[in-house]
> 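Below is the structure I would like to discuss, written out as structure tokens.
Lettering follows sequence order; numbering is per chain, from 1. No experiment lies behind these values; they were computed from the predicted model shown.
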There are 4 protein chains.
Amino acid sequence: MPKIVDHNRYRRELLQRALAIFAEQGYGAITMRQIAKRLGVSTGTLYHYFPSKEGLFMQLVQELCERDITDFFDQAPVAAAVGDRLRAVVAFYLENFRFYQQQLLLWVDFHQHRQRAAPDEQPFLQGFWQRTRDRLASYLQLPNPAHVDFVLVFMDGLLLQFLYHRGEIESDWLTQQMEVLVALIDAH
Amino acid sequence: MPKIVDHNRYRRELLQRALAIFAEQGYGAITMRQIAKRLGVSTGTLYHYFPSKEGLFMQLVQELCERDITDFFDQAPVAAAVGDRLRAVVAFYLENFRFYQQQLLLWVDFHQHRQRAAPDEQPFLQGFWQRTRDRLASYLQLPNPAHVDFVLVFMDGLLLQFLYHRGEIESDWLTQQMEVLVALIDAH
Amino acid sequence: MPKIVDHNRYRRELLQRALAIFAEQGYGAITMRQIAKRLGVSTGTLYHYFPSKEGLFMQLVQELCERDITDFFDQAPVAAAVGDRLRAVVAFYLENFRFYQQQLLLWVDFHQHRQRAAPDEQPFLQGFWQRTRDRLASYLQLPNPAHVDFVLVFMDGLLLQFLYHRGEIESDWLTQQMEVLVALIDAH
Amino acid sequence: MPKIVDHNRYRRELLQRALAIFAEQGYGAITMRQIAKRLGVSTGTLYHYFPSKEGLFMQLVQELCERDITDFFDQAPVAAAVGDRLRAVVAFYLENFRFYQQQLLLWVDFHQHRQRAAPDEQPFLQGFWQRTRDRLASYLQLPNPAHVDFVLVFMDGLLLQFLYHRGEIESDWLTQQMEVLVALIDAH
DNA sequence: TATGAATGAGTATTCATTCAT
DNA sequence: CATGAATGAATACTCATTCAT
């Protein structure tokens, strides 16, 4: 009888934990040995679960796309006022900033990887963006649908500001910007 | 004396041309030999002008910060209407998108480099952000100063959207978002 | 001014010295590090002159084919009697046995490599065999041309016997076999 | 007790089937996992029957030596004419060429292995050669015993020719060479 | 100043072998 | 007996960097 291991379950667990490692150092700067060590396994084991560094990375991107981030929004308070719903969304975003920042760093690495990679478009990307937009739209219930994208753009911009200033952003400034968004949109 | 000028002039020329190379492939993926080859010099020469790969990269970031991007805004039309000035800024941004995207990719590499690097804050970064903000503010002349940051955040967000969707963004969508920004800000 | 090195000349010198190493241990058993160490260079240098282990090996095979082994026969005594010419050939073969054994071992490795290799036939092989046969034929001047091949087959057979018995073959036995060949062929 | 018989029987069956695998790719190029997969067992099972890759290989060589190949000759036609007996031997050899080629490749691997291996001579090798020679001698019944070795050398030579030319040898050439042998030996 | 040959530590990956189940 | 997950040393190969010319 073989050693009893749920191969797929364990693989996804490793994948989960690998996200932070990649985001922290970037695809090029991290080594398989370091990943293995931080995951507490040997390099051999890592290669038992993933075909290559590239394969591990791609599975990570895919996993991230399949994970339905917008689930969280469903648990958000169903506020009557548009402004409150906007504040709830941005607040949630800020609370999970570390995760979104990791995601951003992974995207950038992914972007640079696509340059030489085969041109077969990864279909999971499209679905991901569509779903994110739809969820946000149905939660915010804005009269003007273009404003949904505008909110998304705003939040992405906040992310970049964080990256540029290395997280040394005062919460006052954040609140201020959020209120600018609320004020602008709420006033039509 | 003239030698020194030449040396420095040539160094900055190489630096200039190195930006695209780094941005294209990322710090980790590019090799000094590739850089040398694309610059049309030998590796020895490269090391004559730059102390190391890291040094070359850091000089690149610094160069980018010292370059006064906002100079361009000065040549922008001095429109009477706030909306037109906003449109001019965003239009200029979009026209030079490739450059800003390169800059973004460089920032990310820089960010991931800082992790292990010495924590001595690079002062040129602060100056850069301050200058950018000031120039934009003096051009736009918005009643509410918080709106200047909001515009910056918006433009960063657009950049990320481009990255995510690999540049396959319809110009209609861009125009729409720009007009949303104009409409929101222009209406106070 | 660059370091003055005749790249191609040095490459062929390394190639020359690599033959014994490959023959001694076989393609699969030798490592690039070992080769480098025995050649007195670093692995980096080895890769500066050869693109890969496979490339080094293939160049070795090609070099061996281009080297005109039959040159030696030209310096052989031009004996009047067929038997003496046969003896001269076999004697020369035996004197250079170590080299031919190395060649054999290389061929076998090459054979096993071709299995998965691309089916584009290496053309240098054909020329090699043709030349060897022609030279031998013109030296031996046998009435029956089929006997030239027969002599080649005989010498290959001797080589295998050496391999099987690890070189522990008495010279009496060799002389005996050579005389059998001479007797058989000389008597038509 | 019966268990042990089964164990041994199964071991030899695996051994038998492993010959082709080793000969096909060579000792260095084949992995234990590949062997296991092609034998339809797990690596664990393979290690249950053989102590190591080297052990498996050595048992293979030994098995090959103990297998009495010359048994086949006994079933050969007892021809009155020496020429016919020679033809029968060579014909049989040619019919089983694949096997002999595998054997040759195995020998070469074995030869290259002995270099670093302990110098304790494997005694089974000597017995093998003695037996082969004796059987061939008693079948051919040649007046001159040195001719028996000559025939062996000839057949080894044919094998090498096959290897060199990758089996692309015309049967006409083979027949011709065989007849040269017959003619030479038959005419004393 | 410029070249590119040389270095060797470091990278992704493989593989014989072990061992818990 | 049988399995295949786990290990880590070893392999082919790369690359920042140095240095003789």
> At 4.0 Å (heavy atoms only), tell me whether D:Ile35 reaches a base, stays on the sugar-phosphate, or touches nothing.
nothing
> Once you round it to whole Å, what is the distance between P of E:dA16 and NZ of D:Lys37?
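So the two atoms are 14 Å apart, to the nearest Å.
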> Pick the nucleotide of DNA chain E nearest each of A:Ala29 and B:Leu46; which residue has the one closer to the 5' end?
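Looking at DNA chain E, the more 5' nearest nucleotide goes with B:Leu46.
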> Write down the distance between CG (A:Asp6) and P (E:dA20), rounded to a whole number of angstrom.
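Going from CG in A:Asp6 over to P in E:dA20 covers 21 Å.
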> With sequence neighbours left out, write down each residue that passes side chain to side chain donor-acceptor pair (under 3.5 Å) with D:Arg12, or none if nothing qualifies.
D:Glu63
> For a quick test of reading the model, state the closest non-hydrogen atom pair linking D:Gly55 to D:Pro51 and the distance between them.
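Taking D:Gly55 first and D:Pro51 second, the nearest heavy atoms are CA-CG, 4.1 Å.
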> When you check the phosphate oxygens OP1 and OP2 of E:dA5, does a side-chain N or O of C:His48 lie under 4.0 Å from one of them?
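For E:dA5, OP1 or OP2 has a side-chain N or O of C:His48 closer than 4.0 Å.
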> Given that D:Tyr27 and C:Val41 both sit by DNA chain E, which one's nearest nucleotide is further toward the 5' end?
C:Val41
> Work out which heavy atom in B:Gln112 is nearest to a heavy atom in A:Ala23; give both atom names and the distance.
NE2-O, 3.4 Å
> Which nucleotide sits closest to the side chain of C:Ser52: F:dA5, E:dT13, F:dC13?
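Among the listed nucleotides, the one closest to the side chain of C:Ser52 is F:dC13.
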> Start with the C-alpha distance between A:Leu15 and A:Leu19, add both sets of side-chain angles, then the distance that settles side chain to side chain contact (heavy atoms under 4.5 Å, CB included), and finish with yes or no.
CA-CA 7 Å; A:Leu15 215 45; A:Leu19 169 59; over 6 Å; no
> Starting from Watson-Crick (N1-N3 plus N6-O4 or O6-N4) and G-U wobble pairs under 3.5 Å, report the runs of at least three that DNA chain E belongs to.
E:2-21 with F:2-21
> Starting at the 5' end of DNA chain F and moving along, which residue's nearest nucleotide shows up first, A:Gly40 or C:Met32?
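Checking each residue's closest nucleotide, the 5'-ward one belongs to A:Gly40.
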> State, to 0.1 Å, how close D:Cys65 and D:Trp107 come at their nearest heavy-atom pair, and which atoms those are.
SG-CH2, 3.6 Å
> Is the side chain of C:Arg17 donor-acceptor paired with the backbone N or O of C:Leu39 at a distance under 3.5 Å, no angle test?
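Yes, because the side chain of C:Arg17 sits within donor-acceptor range (under 3.5 Å) of the backbone of C:Leu39.
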> How many Å lie between CZ on A:Phe50 and C1' on E:dT14, as a whole number?
18 Å
> Test C:His7 against C:Tyr49 for ring pair (Phe, Tyr, Trp, His ring centres under 6.0 Å), laying out the working first.
CA-CA 8 Å; C:His7 190 98; C:Tyr49 287 97; 4.5 Å; yes
> Could you tell me if B:Lys53 sits above the aromatic ring of B:Tyr27, with its cationic atom closer than 6.0 Å to the ring centre and no more than 45 degrees from the axis?
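Yes, B:Lys53 and B:Tyr27 form such a contact.
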> Tell me the closest heavy-atom pair linking D:Ala29 and D:Gln34, and the distance in Å.
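Shortest heavy-atom separation between D:Ala29 and D:Gln34 comes out as O-NE2, 4.0 Å.
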> Rounded to whole Å, please give me the gap between NZ in B:Lys53 and P in F:dT14.
15 Å
> With a non-hydrogen cut-off below 4.0 angstrom, is B:Ile30 in contact with a base, only sugar-phosphate, or nothing?
sugar-phosphate
> C:Tyr49 has an atom OH; how far is it from atom C1' of E:dA5, in whole Å?
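Going from OH in C:Tyr49 over to C1' in E:dA5 covers 6 Å.
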> Expressed in angstrom and rounded to an integer, what is the separation of D:Tyr47 atom OH from E:dA16 atom C1'?
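Atom-to-atom, D:Tyr47 to E:dA16, this comes out as 4 Å.
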> Roughly how many Å is it from NE2 in D:His7 to C1' in F:dA2, rounded to a whole number?
13 Å
> Give me the distances for all protein-to-nucleotides 8-10 of chain E N/O pairs that come in under 3.5 Å?
unit_1, atom_1, unit_2, atom_2, d
E:dA9, N6, C:Thr43, OG1, 3.4

> Considering all heavy atoms of both residues, which atom of A:Ile35 and which atom of A:Ile30 are nearest to each other, and what is their separation?
CG1-CG1, 3.6 Å
> Taking atom C1' of F:dA12 as reference, at what distance in whole Å does atom CD of C:Gln34 sit?
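Atom CD in C:Gln34 sits about 13 Å away from atom C1' in F:dA12.
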